[in-house]
Amino acid sequence: MSKLEKILQSAFFRTLLSILIGFAVGAIFLLAVNISPVEAYEKLFTSIFSSPKSLSYCVVYATPLIILGLSVAFSFRTGVFNIGAEGQFVVGSMAACVVGILVPAPPVILPILCIAAAAIAGALWGVIVGFLKVKWGINEVLSMIMFNWIAFYLSNYIADIPLIKSDGNAEATKNVQEAAMILLPESWIKGLGLCNSASWGIFIAAALAVMVYVIIEKTALGYRLKAVGYNRDAAEYGGINANLSIMTALAISGAMSGIAGATNLLGIGQRIAIFSAQESYGFQGIIAALIGANNPLGVFVGGLFYGAIKYGGSRLNIIGAPSEVVNVIMGTVIFLIAISHIFNFRLKKKKKGGDK
Amino acid sequence: MDNLINNLGILVYATLLYTAPLLYAAMGSCFSEVSGVVNIGIEGMMTMGAFTGAAVAYFTGNPWLGFLCAGLSGMAFALLHGVATVKFGADQTISGTAINFLAPGVAIVTAKAIFNSSDTIPLEPTSKMPILFSGVFSSGTPWSNFMKNVFSTYASTYLVFVVLVVVWFVFYKTRFGLRMRACGEHPMACQSLGIDVHRTRMICVCLSGFLAGLGGACMTMATSNQFRPTSIVGQGFIAIAAVIFGKFRPQGAMIGCLLFGLCSGLRVVIGSSSLNISVQLLSMIPYVVTVIVLIFFVGKSHVPAANGKPFVKAK
């Protein structure tokens with residue numbers, strides 16, 4: 001196989017092609033609804049790259065998507081589809097919020113406590129599903145969907161408790177203490193001209209990406225988890241406790257989703273609103289994981305890309321273009337990635353009956 | 001006591017009202033899943049149907065035309081899903097996730113282009129789903145009030161149970177139904193008997209999109225009278241849950257849908273009464289109940305053996 005052919009066949013090239021076609025489909029769609037795609041895309045990209053402030057906003061938007069993407073990617077690699085990332089994210093946010101409001105602790109210690117609480121809550125949410133699966137054989141996709149909703153209503157319920165609820169009229173929790181926030185030092189934000197929500201979250205995301213890489217590729221634990229994912233029976237035959245592996249994988253994945261919730265809350269949200277519908281962060285995480293081909297570095301880049309597009313898309317309303325066109329683009333991209341194996345570029349015809 | 005009977009009537013009414021959209025979508029999901037294609041794109045197809053139904057009914061004034069177009073629009077996205085998963089063997093969950101982003105995006109962008117807002121203009125009562133038995137039951141005694149409440153529901157609600165019987169018949173009493181179920185269990189065996197697995201699956205996926213579209217239209221043409229971005233929030237996933245709950249059988253899925261419908265109904269009745277129960281906790285009930293029922297009563301659900309696995313034709 002020539003070098004060029006290798007590049008054309010790589011997952012990276014296919015993803016890139018999918019993204020380009022995704023934008024083309026978005027453009028056709030914009031034309032169909034009488035909006036100039038040139039103008040819309042110009043606005044999209046200029047709002048992303050216009051200043052350090054807008055770039056830092058993209059990073060802020062991207063942070064939870066990267067961490068959720070890592071969580072989903074981790075679960076994919078271990079043979080479980082973590083459609084429950086949404087619920088784990090929600091319970092994680094709420095756990096961090098409760099600790100951030102109620103626990104009197106100094107700066108540095110308090111955010112660590114919040115993030116730890118979020119990780120534990122998310123892991124618990126994942127382990128319950130794993131337990132239901134291994135103990136009673138309950139389909140994990142079903143129980144994850146159930147637990148997403150239970151988390152959603154639980155969060156709304158907790159946000160309504162007088163101890164937690166905002167003192168004003170807002171349908172939201174109180175703000176977490178200033179000490180709990182993980183914002184970058186003010187001098188940095190001012191000095192570099194970043195947005196006010198620039199936080200340590202992206203560094204946490206980077207650390208988690210490294211952690212996922214190490215666990216999956218370099219440890220016996222990761223080997224066991226992957227083995228169960230590939231072939232549960234074979235793994236069991238090889239002496240691996242498959243039930244324990246499934247629960248461990250879901251615990252780790254859940255903990256990461258929980259941390260994603262915490263970084264979002266402590267970086268930009270500061271409080272949790274009572275929602276009428278799920279925010280579907282979990283599905284956005286799935287998208288980040290898919291763009292990144294479930295590879296930690298890929299997910300990091302994929303999450304940044306998605307975060308930037310999400311931020312740029314939110315600016316489209318200014319020129320009267322619907323920001324939902326971003327969903328059309330991303331939906332198309334994922335759809336194309338799903339069928340990308342049909343983009344088969346071969347430079348020379350393979351010899352018949354060559355390799356068997 | 002009279003009040004109780006009255007409330008009971010409202011409860012039955014609300015339960016049926018919330019069950020109908022779920023049941024349409026759940027029957028769709030049944031078709032797709034038993035033929036061996038996981039379709040989590042149901043949610044997106046419902047959203048598309050919800051928008052198309054409301055928009056077509058608004059412009060034509062004909063609710064049934066709107067309803068039909070809603071089904072067709074759901075089917076269009078199902079076709080995409082089918083081509084990707086059946087023809088090209090794409091990962092079914094990923095393709096479904098893509099549909100769930102794509103379809104609501106298309107629906108909302110189109111709504112903004114046509115209506116200048118993400119909401120459609122509310123339907124006149126004449127363009128909404130007709131109420132079949134209005135005026136048949138007079139109010140007066142508590143029980144006639146009860147009947148009046150129960151039968152003040154929309155045509156689409158009665159229709160769903162008719163469709164259920166038809167779907168049941170197709171599943172268990174027709175050749176197509178047998179073949180379709182066989183394709184979900186052992187596609188290779190089907191092919192060896194000369195059944196076109198890809199074609200069967202393709203038909204099933206398209207039917208699932210059509211029914212999901214109808215379910216979505218129920219939300220915007222009967223339960224409410226306009227499309228909003230929040231019209232479909234998770235109903236598709238609840239329908240899928242009801243199908244797994246019902247062990248991939250239409251009649252089982254109906255029980256699942258009724259359970260969710262009942263809890264939504266309870267929320268309406270208790271929410272409008274003076275009882276001091278947290279709406280949030282009440283809303284949680286169906287999900288908790290589902291998990292508990294699965295643990296104690298249903299046990300291991302038999303997933304169609306070839307569900308989720310692309311079938312590559314043998315040469």
Side-chain angles (χ1 to χ4, degrees), chain A residues 25-26 29-30 32-35 81 83 128-129 132 135-139 141-143 145-160 274 276-278 280 283-284 286-287 290 320-342, chain B residues 38 40 44 80-81 83-85 87-114 118 229-230 233-234 237-238 240-241 243-245 278-291 294-296 298-301 303:
Chain A
V25 170
F29 202 72
L30 283 170
V33 298
N34 247 335
I35 290 162
F81 175 52
I83 201 174
I128 294 174
V129 170
L132 291 174
K135 174 90 183 171
W136 287 291
I138 295 174
N139 184 306
V141 173
L142 171 65
S143 44
I145 295 171
M146 296 299 111
F147 276 93
N148 284 351
W149 285 102
I150 295 172
F152 171 75
Y153 288 115
L154 184 68
S155 167
N156 278 356
Y157 176 73
I158 293 174
D160 210 23
I274 296 176
S276 60
Q278 289 184 355
S280 69
F283 282 99
Q284 295 169 14
I286 294 173
I287 294 235
L290 293 175
S323 54
E324 284 78 10
V325 78
V326 166
N327 288 353
V328 176
I329 296 171
M330 296 313 275
T332 312
V333 171
I334 295 309
F335 187 79
L336 291 168
I337 288 177
I339 57 169
S340 65
H341 55 274
I342 64 165
Chain B
V38 173
I40 66 165
L80 268 183
H81 184 58
V83 169
T85 57
K87 189 118 182 77
F88 295 130
D91 185 306
Q92 301 174 352
T93 315
I94 298 176
S95 168
T97 306
I99 300 285
N100 282 342
F101 269 78
L102 201 53
V106 169
I108 296 172
V109 173
T110 316
K112 281 186 174 168
I114 300 175
S118 56
T230 53
V233 277
F237 288 107
I238 293 172
I240 295 167
V243 170
I244 303 177
F245 177 96
S278 160
V279 180
Q280 308 294 352
L281 288 185
L282 208 61
S283 308
M284 215 191 277
I285 294 173
Y287 309 102
V288 178
V289 169
T290 305
V291 173
L294 285 174
I295 293 172
F296 290 106
V298 182
K300 227 169 195 163
S301 173
V303 181

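Note: hydrogens, waters and symmetry copies are ignored here, and every other heavy atom, side chains too, is used. In what follows, chains are A, B, ... by sequence order, proteins preceding strands, each numbered from 1.
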Asker: Measure A/N156 against the heavy atoms of chain B and call it side chain, backbone, both or neither at under 4.5 Å.
Answerer: both
Asker: By a 4.5 Å heavy-atom criterion (distance strictly below it), what part of A/F335 contacts chain B: side chain, backbone, both, or neither?
Answerer: both
Asker: What pair of heavy atoms forms the shortest contact from A/I83 to B/I40, and how long is it?
Answerer: CD1-CD1, 4.3 Å
Asker: If you count heavy-atom pairs under 4.5 Å between each of B/G105, B/A84, B/A98 and chain A, which one has the most?
Answerer: B/A98
Asker: Do A/S280 and B/N100 have side chains that approach each other closer than 4.5 Å (heavy atoms only, starting at C-beta)?
Answerer: no
Asker: Considering residues at least two apart in sequence or located in another chain, which fulfil the ring-ring contact (aromatic ring centres under 6.0 Å, His included) criterion with A/Y157?
Answerer: none
Asker: Once salt bridge (charged side-chain N to carboxylate O under 4.0 Å, His left out) is applied, do any residues pair with A/D160, and if so which ones, sequence neighbours excluded?
Answerer: A/K165
Asker: Between A/L132 and chain B, which part of the residue has a heavy atom less than 4.5 Å away: side chain, backbone, both or neither?
Answerer: side chain
Asker: Most heavy-atom pairs under 4.5 angstrom with chain B, which of A/L290, A/I339, A/V333, A/I150?
Answerer: A/I150
Asker: With chain A as the partner, which of B/V233, B/D91, B/V109, B/I94 has the greatest number of non-hydrogen pairs under 4.5 Å?
Answerer: B/V109
Asker: Counting heavy-atom pairs closer than 4.5 Å to chain A, which one of B/A90, B/A113, B/S283 comes out on top?
Answerer: B/S283
Asker: Is B/L80 in contact with chain A via its backbone, its side chain, both, or neither, using a 4.5 Å heavy-atom distance?
Answerer: both
Asker: Could you tell me the separation between the CG atom of B/L102 and the CE atom of A/M330, rounded to the nearest 0.5 Å?
Answerer: 12.0 Å
Asker: Is it the side chain or the backbone of A/F152 that comes within 4.5 Å of chain B heavy atoms, both, or neither?
Answerer: neither
Asker: Heavy-atom cut-off 4.5 Å, strictly under: side chain, backbone, both or neither for B/T93 against chain A?
Answerer: side chain
Asker: Any non-hydrogen side-chain atom of B/Y287 less than 4.5 Å from a side-chain atom of B/I238?
Answerer: yes
Asker: Measuring heavy-atom distances to chain B, does A/F81 have an atom under 4.5 Å in its side chain, in its backbone, in both, or in neither?
Answerer: side chain
Asker: What residue in A/I329, A/I287, A/V325, A/L154 has the most heavy-atom pairs under 4.5 Å with chain B?
Answerer: A/I287
Asker: Once rounded to the nearest 0.5 Å, what's the spacing between atom OG of B/S95 and atom CD1 of A/I337?
Answerer: 12.5 Å
Asker: Could you check whether any side-chain heavy atom of B/F237 comes within less than 4.5 Å of a side-chain heavy atom of A/N148, counting everything from C-beta outward?
Answerer: no
